[in-house]
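Here the structure comes first, spelled out in structure tokens, and everything after it is commentary.
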Amino acid sequence: ADFGTSIYGKPKASFSPLRDLQLFFRLGYAHTHCLLGVTLSFRAPHGSRYAADAPQLEVDDLAGFVASEAAAVGLCSKLVETIRYGLTFCLFELTARENCSSR
């Protein structure tokens, strides 16, 4: 999922990368052994688009979100690699729960 935008999305346009990732899992697109690549920006939210008290999200937040959504559909998630280059690319390995090693 190459969003190439802020992890916060664009609220006025009803664009939310996290909601799209949630749908990816909940609508059954994730396979029992696949890779998921996500490209997002983690820069701090600012007042012109986001609430002043919006939390600063980090890669750990994304990894936790992906792990939670994966678990809800019987998958395990492992963050394999993170590459930062202005934007941040995260590569996740998704596997069936019965094939999970302790991670």
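Side chains of Thr82 and Thr88 form a contact here, defined as non-hydrogen atoms less than 4.5 Å apart. Glu81 has its side chain within reach of Ile83: a pair of non-hydrogen atoms, C-beta onward, lies under 4.5 Å apart. For the pair Ile7/Pro17, no side-chain contact is recorded, criterion being any heavy-atom separation below 4.5 Å from C-beta on. With a 4.5 Å cut-off on side-chain heavy atoms, Phe15 and Asp20 count as touching.
The backbone N or O of Ala71 lies less than 3.5 Å from a partner atom in the side chain of Arg97, making a donor-acceptor pair. No side-chain donor-acceptor contact under 3.5 Å links Gln22 to the backbone of Val66.
The environment of His31 atom NE2 is sparse: at most 12 non-hydrogen atoms of other residues, nucleotides or ligands sit within 6.0 angstrom. When the shell of 6.0 Å around CZ of Phe89 is examined, it contains more than 12 heavy atoms from other residues, nucleotides or ligands.
Put simply, CG on Leu87 and OH on Tyr85 are 5.0 Å apart, with the number rounded to the nearest 0.5 Å. With values rounded to the nearest 0.5 angstrom, Leu91 atom CG is found 10.5 Å from Lys78 atom NZ. The distance from atom CD of Gln56 to atom CZ of Phe42, rounded to the nearest 0.5 Å, is 9.5 Å. Distance CG/Leu94 to SG/Cys34: 4.0 Å, rounded to 0.5 Å.
Under the side chain to side chain contact (heavy atoms under 4.5 Å, CB included) test applied with Glu93, the options Val80, Leu36, Leu79 reduce to a single match, Val80.
The two residues Val59 and Cys90 have their closest heavy-atom pair at CG1-SG, 3.9 Å. The two atoms that bring Phe92 and Ser77 nearest to each other are CD2-OG, 3.5 Å, heavy atoms only.
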Evaluate the criterion side-chain contact (heavy atoms from CB on, under 4.5 Å) for residue pair Leu21 and Leu62; output intermediate values, then yes/no. CA-CA 10 Å; Leu21 286 170; Leu62 175 63; 3.9 Å; yes
